[in-house]
Amino acid sequence: ILEENSFETIKNKLNFIMINEELQKHITECEKKYGPAPSLEVLNQWIGEFMQKLNNTGLPQFEGYSSTEMFAIIHGLWNENSPVQMRELSEEDFNAIPLFCQIKYITDVLHREGKIKLTSTKAIPPKFVKEMYELGVRDWMIEEGYSKLRKEGDSQSVVLTHILLKLMKIIKEQKGVMTFTKSGEMIAKNNQKLFEELLMTFTNKFNFAYFDGYENESIGGMASGFSFILLSKYGIEKRSYKFYAEKYFKAFPDLLKGFDSNYSTIKEQGARCFSLRTFERFMLHFGLIEFEETKHPENEIYITKSQLFDKIIQVIPPKDDK
């Protein structure tokens, strides 16, 4: 029985051998086409052509997307060359997005009153917190009566809203008073622009690990666009969160590093971390999923993409599928 690291070493060697074999085939084809004994310059050109071909070949672990396309998903999500894009929404659609409604609530107050006087702890005042809470994803601790909603810090969705308003640079806070930034006031007048700024900020700037204690901060936030691809492809059927976690870590196995197996397996811990950050603390707040949690006969979480998902997210198929 191989140790896990031994298996990875062998797998990497096999991949290296396969690439070498494909490279040799490519060079042989080039020799037949252009003649033997190429110059170093020509040989480098052949290898460059091979690497370009390799980088543009669809890979099963990336659901058929190539390394080039995955690079765009990771480092240029929402850019014009990304396979994941946002759609234009209707006013009805905006009203079905919990986190957007909370953001919009604050911007409406600022449009109406010009400012919000924060508490001594620089938090949103309780009179606004209670109304904001009703618009967002409910906190089960509050709903079950284990805690009470008295201030901003009692509601994760309200805290999240406040953080994102600052990350979006929609607001500024000086001497305990919240007001619009110049650009923020203009953006807030256009729901489409406000929503786009919200989703881009969440996926590109917000730390997905903010509300938990998992050591690996990259899970979920890393390649969040790939999670959209998985939901778009498989989300029409109700599936366990483990299904999506398995595919996510198949694409990015190194993200499982940092877990120990003292209480549960590394894969189980990784899957729970991925689900918590991606589904419960991200997509649920954007109305992108239907979330079902069961207690009997066993604890399980099932995910289905919502009707809103395809109205918000456009996923362009891999180039090899077009």
Show the numbers, then the answer: is there a side chain to side chain donor-acceptor pair (under 3.5 Å) between Lys319 and Asn56? CA-CA 8 Å; Lys319 289 180 180 179; Asn56 287 287; 4.7 Å; no
More than 12 non-hydrogen atoms from neighbouring residues, nucleotides or ligands closer than 6.0 Å to CD on Glu92, yes or no? no
Side chains of Thr107 and Ile187: does their closest heavy-atom pair fall under 4.5 Å? no
Centre-to-centre under 6.0 Å for Phe274 and Phe279, is that the case here? yes
Just wondering, more than 12 heavy atoms not from Glu134 lying within 6.0 Å of its CD? yes
Tell me which pairs pass salt bridge (charged side-chain N to carboxylate O under 4.0 Å, His left out) where either residue lies in residues 228-247, with sequence neighbours left out. Glu63-Lys233, Glu63-Lys247, Glu237-Arg239, Lys238-Glu292
Give a yes or no on whether Lys166 atom NZ has more than 12 heavy-atom contacts from other residues, nucleotides or ligands under 6.0 Å away. yes
Is the distance between the ring centroids of Phe243 and Tyr234 less than 6.0 Å? yes
Trp78 ring center within less than 6.0 Å of Phe228 ring center: yes
Please name all residues satisfying side-chain contact (heavy atoms from CB on, under 4.5 Å) with Asn79, sequence neighbours left out, ordered by chain then number. Asn81
Glu152 side chain to Val158 main-chain N or O, any donor-acceptor pair under 3.5 Å? no
Just verifying a value: how many Å separate Ile312 CD1 and Gln307 CD, rounded to the nearest 0.5 Å? 12.0 Å
Between OG of Ser227 and CD1 of Ile289, what distance do you get to the nearest 0.5 Å? 10.5 Å
Could you give the distance from CG (Leu288) to CG (Leu308), rounded to the nearest 0.5 Å? 6.5 Å
Residue pair Pro318 / Glu69, side-chain heavy-atom distance below 4.5 Å: yes
Check: Ser232 side chain, Ile229 main-chain N or O, donor-acceptor pair, under 3.5 Å: no
Met168 and Leu194, any side-chain heavy atoms less than 4.5 Å apart: yes
Is the centre of the Phe226 ring less than 6.0 Å from the centre of the Tyr65 ring? no
Are there over 12 heavy-atom neighbours, none belonging to Met86, within less than 6.0 Å of that residue's CE? yes
State, to 0.1 Å, how close Gln156 and Asp139 come at their nearest heavy-atom pair, and which atoms those are. N-OD2, 4.1 Å
Do Ile313 and Leu199 come within less than 4.5 Å of each other through their side chains, counting heavy atoms only? yes
Looking only at heavy atoms, what is the nearest atom pair of Pro83 and Ala72, with distance? CD-CB, 4.5 Å
Can you tell me if CD on Glu143 sees more than 12 non-hydrogen neighbours from other groups inside 6.0 Å? yes
When rounded to the nearest 0.5 Å, the distance separating CD1 of Ile103 from CG of Asp108 is 11.5 Å
Start with the C-alpha distance between Arg272 and Glu280, add both sets of side-chain angles, then the distance that settles salt bridge (Lys or Arg N to Asp or Glu O under 4.0 Å), and finish with yes or no. CA-CA 10 Å; Arg272 187 68 190 101; Glu280 296 178 52; 2.9 Å; yes
So Lys205 and Met200, do their side chains get closer than 4.5 Å, heavy atoms only? no
Same apolar cluster: Val315 and Phe71, side chain cutoff 4.5 Å: no
For Cys273, does its backbone N or O pair with a side-chain atom of Asp212 as donor and acceptor, under 3.5 Å? no
Donor-acceptor under 3.5 Å (Gln102 side chain, Met132 main chain): yes
With a 4.5 Å cut-off on side-chain heavy-atom distances among I, L, V, M, F, W and Y, is there a chain of contacts connecting Tyr210 to Leu160? yes
So do Thr119 and Lys151 actually touch side chain to side chain, heavy atoms under 4.5 Å? no
Flag the pair Arg87 and Asp93 as a salt bridge only when some basic side-chain nitrogen lies within less than 4.0 angstrom of an acidic carboxylate oxygen. no
Minimum heavy-atom separation for Leu230 and Tyr244, please, with both atom names. O-CE2, 3.7 Å
Could you tell me the separation between the CG atom of Leu167 and the CG atom of Asn204, rounded to the nearest 0.5 Å? 11.0 Å
So, for Phe282 and Phe208, is the gap between ring centers shorter than 6.0 Å? yes
Shortest non-hydrogen contact from Ile301 to Ser275? CD1-OG, 4.3 Å
Has Arg277 got a side-chain atom pairing as donor or acceptor with Ile219's backbone, closer than 3.5 angstrom? yes
For Lys122, look at atom NZ and say whether over 12 heavy atoms of other residues, nucleotides or ligands are found less than 6.0 Å away. no
Would you say the side chain of Tyr302 lies within less than 4.5 Å of the side chain of Glu290, judging by non-hydrogen atoms? no
Validation row: Lys193, Glu197 side chains within 4.5 angstrom (heavy atoms): no
Taking Met186's backbone N and O only, do any of them form a donor-acceptor pair with Asn190's side chain (distance below 3.5 Å, no angle check)? no
Between the side chain of Tyr248 and the main-chain N/O of Gly220, is any donor-acceptor distance below 3.5 Å? yes
Between the CZ atom in Phe94 and the CG atom in Leu89, the distance rounded to the nearest 0.5 Å is 4.5 Å
